[in-house]
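Chain A is the first sequence line, chain B the second, and so forth, proteins listed ahead of strands; every chain is numbered from 1. Since the model is a prediction, treat every value here as computed from it, not as a measurement.
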2 protein chains.
Amino acid sequence: MGAPKYQKIKQDLMEEIKDASVNTPIASERELAGRYNASRMTVRNAINELVEEGVLYRDKNKGTFVADQRLMKKNTSAETLNKPMDDTYDYNVIYFSSCFCDEKIAACLEIESEDWMIRIVRLNRKNGKPVSVEEIYLIQSLINDNDYNNLNKLLDLKGYIDEGSVTQKFLPIIVPVKYINLLHVKLNTPIIMVESTIVSKSGSPVVYIREFNNPTEKIIEITT
Amino acid sequence: MGAPKYQKIKQDLMEEIKDASVNTPIASERELAGRYNASRMTVRNAINELVEEGVLYRDKNKGTFVADQRLMKKNTSAETLNKPMDDTYDYNVIYFSSCFCDEKIAACLEIESEDWMIRIVRLNRKNGKPVSVEEIYLIQSLINDNDYNNLNKLLDLKGYIDEGSVTQKFLPIIVPVKYINLLHVKLNTPIIMVESTIVSKSGSPVVYIREFNNPTEKIIEITT
DNA sequence: AAGTGGTCTAGACCACACT
DNA sequence: GTGTGGTCTAGACCACTTA
């Protein structure tokens with residue numbers, strides 16, 4: 001069968017409110033149930049997800065309203081993990097290799113240092129300006145051969161997140177000299193390095209990312 | 001009436017799993033429904049909240065399991081906004097005043113610079129070690145007179161969050177000289193300043209916080 | 001009084017895992 | 001075949017707000 005009914009309702013609602021201004025009420029749950037020939041619980045399921053995502057908010061005894069889109073939930077900072085890139089974003093892969101883990105990376109991925117990993121370094125740009133350098137570490141044994149030859153597939157890590165969770169550490173450092181030219185920042189500039197670990201539902205690490213952020217081009221912002 | 005039935009179920013489940021190890025299955029939804037003489041939808045409501053909070057995870061066709069507590073969702077970095085402090089935490093209020101807004105703060109709180117605000121500066125400690133300095137800005141007109149004289153109440157901002165959302169910006173800076181001694185860090189240390197704005201459901205700012213974090217005593221970490 | 005979201009019931013069918 | 005979570009129905013009562 002096709003997608004569940006509540007997903008269809010959710011999509012329709014998102015389409016309906018995409019140009020609506022903040023605090024506009026949406027139709028009541030009972031009315032939507034009638035319109036979609038669905039039960040109220042099904043409509044609530046659709047609305048619940050949109051509330052959870054910060055697209056709508058409820059006000060008891062009053063109704064359900066369009067939330068401030070500026071306050072849309074943003075839970076991660078990493079370019080790699082964000083929504084589909086729009087055309088103001090692009091990137092260059094600077095380095096790609098398959099090699100043994102060094103100890104630090106092995107510890108983060110909970111593998112042995114004699115295990116193979118894939119290391120990708122890329123420079124992310126927005127409007128042509130360098131926003132961050134990402135060092136992405138994957139466990140080689142988890143990658144099948146088809147994906148190995150498809151860089152875009154390798155770098156599309158969003159799929160992993162739906163099935164797991166992300167932990168990010170924010171570390172203040174002085175920009176590493178090797179990235180000064182790439183990021184186009186001055187010597188001794190304080191920057192934030194974000195260490196992200198994606199773990200599967202069962203708790204085993206899948207991907208480890210170090211992201212060196214250019215503070216003049218990117219402000220890390222999170223909304224909950 | 002008392003609390004809703006699903007909240008009671010949620011509390012019981014939390015109690016039950018608090019010492020359980022990771023990946024332990026909980027009772028099935030149908031069994032819990034029987035045990036609590038509730039419908040399955042009511043049990044699902046309870047479980048949904050725990051899944052949303054990262055306490056449990058579901059595996060389709062298999063069951064519902066205890067999640068890795070290390071991966072419990074942590075959505076904010078600020079001391080002020082975190083769970084009830086345990087006894088390893090304490091703080092000193094260093095500064096408390098009621099004054100006109102300067103322009104920068106007024107802009108963040110979306111009020112006029114001739115409006116009054118309350119400014120609180122405090123030093124947070126864990127195990128006696130300084131973890132952060134927080135500058136907390138409240139809109140005076142939103143505070144009633146009773147609360148004004150109750151510093152603990154003023155600093156208990158968690159209530160606001162349930163009704164609104166938090167946006168945090170992470171800014172890399174060199175530690176301000178005035179906080180070097182308080183934080184016990186060296187001159188020119190790179191640190192992260194977290195700017196938090198709490199806004200109500202309707203989108204108007206309520207509290208603005210600047211937090212200067214000691215990188216040697218506190219690693220900012222977020223799990224989603 | 002009418003309408004809203006919050007909670008709740010007692011069923012149902014499905015696809016999928018395991019045995 | 002049995003059990004699981006995922007989805008869905010067609011009602012219901014409550015507390016509350018608004019007119």
So that I can tick it off, tell me whether Glu217(A) and Arg125(A) are bridged by a salt bridge, with the cut-off set at under 4.0 angstrom between side-chain N and carboxylate O.
no
So, using side chain to side chain contact (heavy atoms under 4.5 Å, CB included) as the criterion, who are the partners of Thr197(A) when residues are at least two apart?
Val199(A), Pro205(A), Tyr208(A)
Are OP1 or OP2 of dT4(C) and a side-chain N or O of Thr64(A) less than 4.0 angstrom apart?
no
Phosphate contact (dC14(C) OP1 or OP2) by Lys60(B) side-chain N/O below 4.0 Å:
no
To the nearest angstrom, the CG-P distance between Leu56(A) and dG6(C) comes to 12 Å
Please check: side-chain N/O of Lys126(B) versus main-chain N/O of Lys218(B), any donor-acceptor pairing under 3.5 Å?
no
Just how far, in rounded Å, is P of dG5(D) from CG of Leu50(B)?
14 Å
d(CD1, Ile9(A); C1', dG6(D)) in whole Å
15 Å
Protein-nucleic acid N or O pairs under 3.5 Å, nucleotides 1-3 of chain D:
unit_1 : atom_1 : unit_2   : atom_2 : d
dG3(D) : N2     : Asn61(B) : O      : 3.4

Looking at dT4(D), I'd like to know if its phosphate oxygens (OP1 or OP2) sit under 4.0 Å from a side-chain N or O belonging to Arg58(B).
no
Does Cys108(B) offer a backbone N or O that forms a donor-acceptor pair with the side chain of Glu110(B) under 3.5 Å?
no
Toward the 5' end of DNA chain D, which comes first, Lys5(A) or Glu31(B), by nearest nucleotide?
Glu31(B)
Electrostatic pair Lys104(A):Glu195(A) at N-O distance under 4.0 angstrom:
yes
Is it the case that the side chains of Asn48(A) and Arg58(A) hold a donor-acceptor pair, with the cut-off being a distance below 3.5 Å and no angle test?
yes
What residues from residues 37-47 of chain A pass a heavy-atom cutoff of under 4.0 Å to DNA chain C?
Arg40(A), Met41(A), Arg44(A)
Excluding sequence neighbours, so at least two apart, what forms salt bridge (Lys or Arg N to Asp or Glu O under 4.0 Å) with Lys60(A)?
none
note: Lys8(B), atom NZ; dG6(C), atom C1'; distance rounded to Å ~ 20 Å
Tell me the interatomic distance from Lys10(A), atom NZ, to dT7(D), atom P, rounded to whole angstroms.
11 Å
When rounded to the nearest 0.5 angstrom, what distance separates CE in Met41(A) from CD in Glu29(A)?
9.5 Å
What's the OH-C1' distance between Tyr6(A) and dT9(D), to the nearest Å?
16 Å
Checking Tyr36(A) now: which residues fulfil ring pair (Phe, Tyr, Trp, His ring centres under 6.0 Å) with it, not counting sequence neighbours?
none
Looking at Lys8(A), I want to see if its NZ is surrounded by more than 12 non-hydrogen atoms of other residues, nucleotides or ligands under 6.0 Å.
no
Indicate the ring-plane relationship of Phe170(A) and Phe170(B), choosing parallel, tilted or perpendicular according to the 30° and 60° boundaries.
parallel
DNA chain C: stems of at least 3 consecutive Watson-Crick or G-U pairs, cut-off 3.5 Å?
C:1-16 with D:3-18
Just how far, in rounded Å, is P of dG5(C) from CG of Asn48(A)?
12 Å
Gap separating the OH atom of Tyr6(B) from the CD1 atom of Ile47(B), nearest 0.5 angstrom
13.5 Å
Please give, in whole Å, the distance from dG6(D) C1' to Tyr57(B) OH?
18 Å
